[in-house]
S.K.: 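Quick one: the structure is below, questions incoming.
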Amino acid sequence: LKSAAWVSFVRVVCCVTAMRFFGGGEKPQPKAPPAMSLTDAIVKNKEAIETLQKRIELLEKRITEQEGAAKTKLAAKDQKGAMMCLKRKKLYNQEVEQLRNAQITLEQQSTQMESSSSQGVAVNAMATGVAAMKAEQAKMNVDKVDQLMDDVQEQKQMQDEIAQIFNQGAAMEDEDELMAELQNMQNEVADQQMIDAGMPAIPSGVPGLAPGQATPAAAAPAAAAPAAQVSAAEQKELDELSALMA
């Protein structure tokens with residue numbers, strides 16, 4: 001019994017060895033091709049579309065040739081030859097239709113891959129942005145930021161108070177300066193009005209004359225009669241005024 005079992009075992013081993021040696025038994029599964037990047041796949045698709053387009057153009061040329069040949073044979077009363085040309089034309093038309101369908105499928109796939117590539121770029125950009133924001137926020141502390149804002153507000157209030165103190169002192173000095181400037185401006189306006197009216201302007205600083213008041217020379221015709229009663233001091237002052245206006 002043991003010898004029979006041993007003989008059976010040896011036979012099985014020999015059969016398996018022979019099958020392996022002569023190529024029998026289960027064939028190894030072919031290895032899957034390595035994964036291709038999305039960019040390379042898009043390029044491959046476009047190359048395939050171009051190849052199909054060249055084949056379609058060649059077939060269309062042959063279709064035209066077969067149609068012309070059929071007409072020629074038909075004119076020569078060669079119906080069988082014309083029929084063969086039409087059959088070839090039909091085969092070429094069928095192949096063109098198949099190639100166009102394959103072209104459309106490849107174009108759709110290329111569009112989908114390009115869309116997927118764009119989405120991948122957007123997702124990667126968003127992931128990079130999120131990671132950068134997290135890294136930057138990790139450097140911050142809410143309590144420190146709160147304290148910093150309080151310090152900024154306190155410094156701003158202090159600066160406003162200092163500026164207000166300075167402005168109060170400057171306002172008093174500015175008011176006197178502005179009043180003097182306003183007075184000079186009023187004098188200039190009055191002088192211009194007198195010049196426009198044909199009356200001589202009054203120089204600034206002349207005692208006893210207000211802006212807009214006529215000069216003694218302008219009032220001379222009216223005061224010609226009592227001129228004899230003018231004292232020597234008054235006459236001297238009038239002469240000085242006349243010399244200033246000359």
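These numbers come from a predicted model, not from an experiment.
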S.K.: With a 4.5 Å heavy-atom cut-off, do Gln79 and Met83 have their side chains touching?
M.R.: no

S.K.: Give, for atom CD of Gln109 and atom CD1 of Ile42, the distance between the pair rounded to the nearest 0.5 Å.
M.R.: 10.0 Å

S.K.: Can you tell me how far the CG atom of Leu59 sits from the OH atom of Tyr92, to the nearest 0.5 Å?
M.R.: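 If I round to the nearest 0.5 Å, the distance is 7.5 Å.
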
S.K.: Can you tell me which residue pairs pass the salt bridge (Lys or Arg N to Asp or Glu O under 4.0 Å) test with a partner in residues 107-117, sequence neighbours excluded?
M.R.: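 Residue pairs passing salt bridge (Lys or Arg N to Asp or Glu O under 4.0 Å), neighbours aside: Lys46-Glu114.
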
S.K.: Can you sort out the partners of Ser37 under side chain to side chain contact (heavy atoms under 4.5 Å, CB included), two or more places apart, ordered by chain and number?
M.R.: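 With sequence neighbours excluded, Ser37 shows a side chain to side chain contact (heavy atoms under 4.5 Å, CB included) to Thr39, Asp40, given in chain and number order.
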
S.K.: How close do Ala70 and Ala82 get, counting heavy atoms only, and between which atoms?
M.R.: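 Smallest interatomic distance, heavy atoms only, reads O-CB, 3.5 Å.
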
S.K.: Is there a side-chain hydrogen bond (donor to acceptor under 3.5 Å, both in side chains) between Glu188 and Asn184 once you walk through the steps?
M.R.: CA-CA 6 Å; Glu188 292 175 0; Asn184 291 333; over 6 Å; no

S.K.: Is the shortest heavy-atom distance from the side chain of Glu136 to the side chain of Met133 under 4.5 Å?
M.R.: no

S.K.: Restricting to non-hydrogen atoms, name the atom on Asn45 and the atom on Met113 that form the minimum distance, rounded to 0.1 Å.
M.R.: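 For Asn45 versus Met113, the nearest heavy atoms are ND2-CE, 3.5 Å.
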
S.K.: For the atom pair NZ (Lys87) and CD (Gln66), what is the distance rounded to the nearest 0.5 Å?
M.R.: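 So the NZ of Lys87 and the CD of Gln66 are separated by 13.0 Å.
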
S.K.: Closest heavy-atom contact between Ile49 and Ser110?
M.R.: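 Where Ile49 meets Ser110 most closely, the heavy atoms are CD1-OG, 4.1 Å.
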
S.K.: To the nearest 0.5 Å, tell me how far Leu86 CG sits from Lys71 NZ.
M.R.: 10.5 Å

S.K.: Does the side chain of Glu47 come within less than 4.5 Å of Val43's, by heavy atoms?
M.R.: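 The answer is yes, as the side chains (C-beta and beyond) meet within the 4.5 Å cut-off.
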
S.K.: Is the shortest heavy-atom distance from the side chain of Arg55 to the side chain of Glu95 under 4.5 Å?
M.R.: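 Yes - at least one pair of side-chain heavy atoms lies under 4.5 Å apart.
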
S.K.: Tell me, do Cys85 and Glu67 make a side-chain contact under 4.5 Å, heavy atoms counted?
M.R.: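 A side-chain contact is absent here, since even the closest heavy-atom pair is not under 4.5 Å.
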
S.K.: Can you check side-chain contact (heavy atoms from CB on, under 4.5 Å) on Leu58 and Lys54, steps first, answer last?
M.R.: CA-CA 6 Å; Leu58 176 62; Lys54 292 178 181 179; over 6 Å; no

S.K.: Does a side chain donor of either Glu97 or Asn93 reach within less than 3.5 Å of an acceptor in the other side chain?
M.R.: no

S.K.: Could you check if a side-chain atom of Arg100 sits within less than 4.5 angstrom of a side-chain atom of Leu52, using non-hydrogen atoms only?
M.R.: no

S.K.: Would Leu106 end up clustered with Leu99 when hydrophobic side chains under 4.5 Å apart are linked, directly or stepwise?
M.R.: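 Yes.
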
S.K.: If I take atom OG1 from residue Thr64 and atom CD from residue Glu60, how far apart are they, to the nearest 0.5 angstrom?
M.R.: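 Here the rounded value is 7.5 Å.
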
S.K.: Would the distance check show the side chain of Thr128 and the main-chain N or O of Asn124 forming a donor-acceptor pair, the cut-off being under 3.5 Å?
M.R.: yes

S.K.: Output the distance between atom CG (Asn187) and atom CD (Gln192), rounded to the nearest 0.5 Å.
M.R.: 13.0 Å

